[in-house]
Each structure stands twice: as structure tokens, then as C-alpha cells.
Protein chains: 2
Amino acid sequence: MKRTFDCVEFCKALSDPTRQQILEMLLEKEMSVNEIVAAFSVSQPTISHHLELLYQAGLVLRRKDGKQILYRTDDQQVYFCCGKLIAKFSPADK
Amino acid sequence: MKRTFDCVEFCKALSDPTRQQILEMLLEKEMSVNEIVAAFSVSQPTISHHLELLYQAGLVLRRKDGKQILYRTDDQQVYFCCGKLIAKFSPADK
DNA sequence: TTTATATATAGAAATATATCTATATGAAAA
DNA sequence: TTTTCATATAGATATATTTCTATATATAAA
């Protein structure tokens, strides 16, 4: 599977507490936007904005299911990115 | 060695290209502020600001040497933080 | 001591980000 | 079809971040 990696984009995607929580939630289960909204105290457009950002960074996957859009964390990609991060800043890997 | 870890603060510290470059440079060698400034095209106060941010995040160490302040990456801490990040978002660790 | 050098801090300006309300879009149900 | 529901987009606002210039501080050299 071909993957791209932009280390700054990856870290920016994780540099907000709401996005980190979303990503963590979506590790466990696929959820619709409304379900995610229900778990936070910010508006639906704000959640959609965070989801779009995570999607652009390649950290979540999404699919349409009727009226809903279901999101889930791309845990393989997240793992891949964490590996790249370690490789960049801990090359010796003590 | 006791360490603290704030996953959002860690990612924020890495969410800027200049700071990532600084951190990478300081993996290899200890450098004074002026030496770091010389490697970039931004002002000395801007570099000092980034260094302070990295320092507050615990990612660099510093010591005084005469008139100069020498900075270096705390590679143990960076490695520790990367580990925490993986643990948070890739708990299964496939 | 005065002067020069290295770094930090203060304050302002420009840019980016997070958030909101209002509305558009698109799909399913009535 | 029309209505309803789920999500996205547009546009505005508030806040945070990055950057600058000017200046303070602290150390070493003259």
C-alpha cells in the first residue's frame, strides 16, 4: 500500500485536543458524524471541519452509508506515521 | 528519570516546520542560539521563541557557557514521547 | 567601568486556526 | 414531489501563532 507522509502535517493534525479525542474514539469503532458530535460540546460544522482535516492528513477513512458518513481511524496509517516520526527524531533508536 | 507527557503539547511543539528542523539539527550537535539563527532565514527573537517552546515541551536541553546558551535535543525524551504517542493511537501495535 | 556580544523579553502586526450561525447539498422517507 | 434528516460549505468572529522591531539583561572583553 502506497503512503505519503508529511511530518509537519501529521503533527498539526494531532495538535488539537478535540482532534486527538476524535482519533482515539474512532480507533475503537466506526461512527457517523452525528454520533461524534454527540460526544463533544462543539457544533456539527466544527466537528465536520476537524474530520475533514484528519481526512486530508490521511488519518481517518470514511464511507457513505445512506444519509450518513461513517468515519474510522486508519490505524495502519497512524502507526505508519508514528514510525516515520520516530525515524526522523530518534534515528539511533536507543 | 521522571518524565511528564502532554500529548497535545508534544504534537504542537512539532507542528511547525522551523521547530522540526531545529529539533533535527540539535539531534546531531549542541549549538548556540546564534549558530541556529545562522541556519535559518528568520530573526534571532523568532528562533529564541521556538527554542523556548521546545524547551517548555521538554524536547530540548540547554546550558549556559559564558555568554552563550547551548541547546541540544533531549533525544531520550523525544523517544519517550514518540512511544507515548504510539501507545495512545496504536494500542494494538500491529 | 565602558563597550561589545549573546540571548531573552515586550509589544505590535500579519497570518492561521477554531469556532459559530446560516445555508447548501444530497439522500431517504412520507 | 415534498419534507426531513445528515453532512458539508460559506462567511464571520475570536483566539492563537508566527514573525518582526526595539529594547532589556547578562556576561565577557577592552
Side-chain angles (χ1 to χ4, degrees), chain A residues 6-26 29-74 81 85 89, chain B residues 6-26 29-74 81 85 89:
Chain A
D6 176 328
C7 199
V8 173
E9 185 185 31
F10 174 60
C11 293
K12 273 192 184 174
L14 296 182
S15 71
D16 176 89
T18 301
R19 281 196 296 277
Q20 285 206 4
Q21 283 182 258
I22 291 174
L23 203 64
E24 215 175 358
M25 283 178 53
L26 296 180
K29 53 180 181 302
E30 191 175 52
M31 292 173 80
S32 71
V33 176
N34 269 352
E35 286 176 313
I36 300 165
V37 168
F40 293 90
S41 51
V42 295
S43 69
Q44 175 267 312
T46 296
I47 295 296
S48 280
H49 168 253
H50 286 309
L51 287 170
E52 180 61 24
L53 227 149
L54 289 169
Y55 182 76
Q56 289 306 322
L59 304 182
V60 297
L61 301 168
R62 66 184 173 197
R63 66 185 178 92
K64 198 172 285 191
D65 176 38
K67 285 192 264 192
Q68 314 192 111
I69 310 279
L70 300 179
Y71 283 84
R72 68 183 181 285
T73 295
D74 186 345
C81 291
L85 190 69
F89 294 112
Chain B
D6 176 329
C7 199
V8 173
E9 184 185 31
F10 173 60
C11 293
K12 273 192 183 173
L14 297 181
S15 72
D16 175 89
T18 301
R19 280 196 297 278
Q20 285 206 5
Q21 283 181 260
I22 292 174
L23 204 63
E24 215 174 358
M25 285 178 52
L26 296 180
K29 53 180 182 301
E30 190 174 52
M31 291 173 81
S32 71
V33 176
N34 270 352
E35 286 177 312
I36 300 165
V37 168
F40 293 89
S41 52
V42 295
S43 68
Q44 174 267 313
T46 295
I47 295 296
S48 279
H49 168 253
H50 285 309
L51 288 169
E52 180 61 26
L53 227 148
L54 289 168
Y55 182 76
Q56 289 306 322
L59 304 183
V60 297
L61 301 168
R62 66 184 173 199
R63 66 185 178 90
K64 198 173 287 191
D65 175 38
K67 284 193 264 192
Q68 316 193 110
I69 310 279
L70 301 179
Y71 282 85
R72 67 184 183 284
T73 296
D74 186 345
C81 291
L85 190 70
F89 294 112

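Here is the naming used below: chain letters follow the sequence lines, and residue numbers restart at 1 for every chain.
- Taking atom CG of residue D65(B) and atom P of nucleotide dA26(D), one finds them 18 Å apart after rounding to whole Å.
- Looking at which nucleotide of DNA chain C each of K64(A) and D16(A) is closest to, the 5′-most match is held by D16(A).
- Atom CD1 of I22(A) and atom P of dA18(C) are 11 Å apart (whole Å).
- Side-chain atoms of S32(B) never come within 3.5 Å of backbone atoms of Q68(B) as a donor-acceptor pair (strictly under, hydrogens ignored).
- Atom CG of N34(A) and atom C1' of dT4(D) are 13 Å apart (whole Å).
- Atom CE in M25(A) sits 13.5 Å away from atom OH in Y71(A) (nearest 0.5 Å).
- Other residues, nucleotides and ligands contribute only 12 or fewer heavy atoms inside 6.0 Å of the OH atom of Y55(A).
- Atom CD of E30(B) is separated from atom OG1 of T73(B) by 10.5 Å, given to the nearest 0.5 angstrom.
- Taking only side-chain nitrogens and oxygens, R19(B) never comes nearer than 4.0 Å to OP1 or OP2 of dT17(D).
- Between atom CG of residue D6(A) and atom NZ of residue K12(A) there is a gap of 8.5 Å, rounded to the nearest 0.5 Å.
- The shortest distance between the side-chain N/O atoms of T46(A) and the OP1/OP2 oxygens of dA18(C) is not below 4.0 Å.
- Among the heavy atoms of the strands lying under 4.0 Å from Q44(A) is at least one base atom, whether or not backbone atoms are also near.
- Taking the nucleotide of DNA chain D with the nearest heavy atom to each of T18(B) and S32(A), the more 5' of the two is matched to S32(A).
- Along DNA chain C, the nucleotide closest to V33(B) and the one closest to S15(A) are compared, and the more 5′ of them pairs with V33(B).
- Taking only side-chain nitrogens and oxygens, S43(A) never comes nearer than 4.0 Å to OP1 or OP2 of dT19(C).
- Looking at heavy-atom distances under 4.0 Å, Y71(A) makes contact with sugar-phosphate atoms alone, never a base.
- With dT21(D), dA18(C), dA10(D) as the candidates, the nucleotide lying closest to the side chain of P45(A) is dA10(D).
- Put simply, K12(B) has no side-chain N or O that comes within less than 4.0 Å of OP1 or OP2 on dA16(D).
- The nearest whole Å value for the distance from the CD1 atom in I69(A) to the C1' atom in dT9(D) is 14 Å.
- L54(B) places its CG atom 10 Å from the P atom of dT18(D), with the value rounded to the nearest Å.
- Under 4.0 angstrom from either OP1 or OP2 of dT19(C) there lies at least one side-chain N or O belonging to H50(A).
- Rounding to whole angstrom units, OH of residue Y55(A) and P of dT7(D) are separated by 16 Å.
- Atom pair I36(B):CD1 and dA8(C):C1' shows a separation of 14 Å (rounding to whole Å applied).
- Per the geometry, NZ belonging to K67(B) stands 13 Å off C1' belonging to dT25(D), to the nearest Å.
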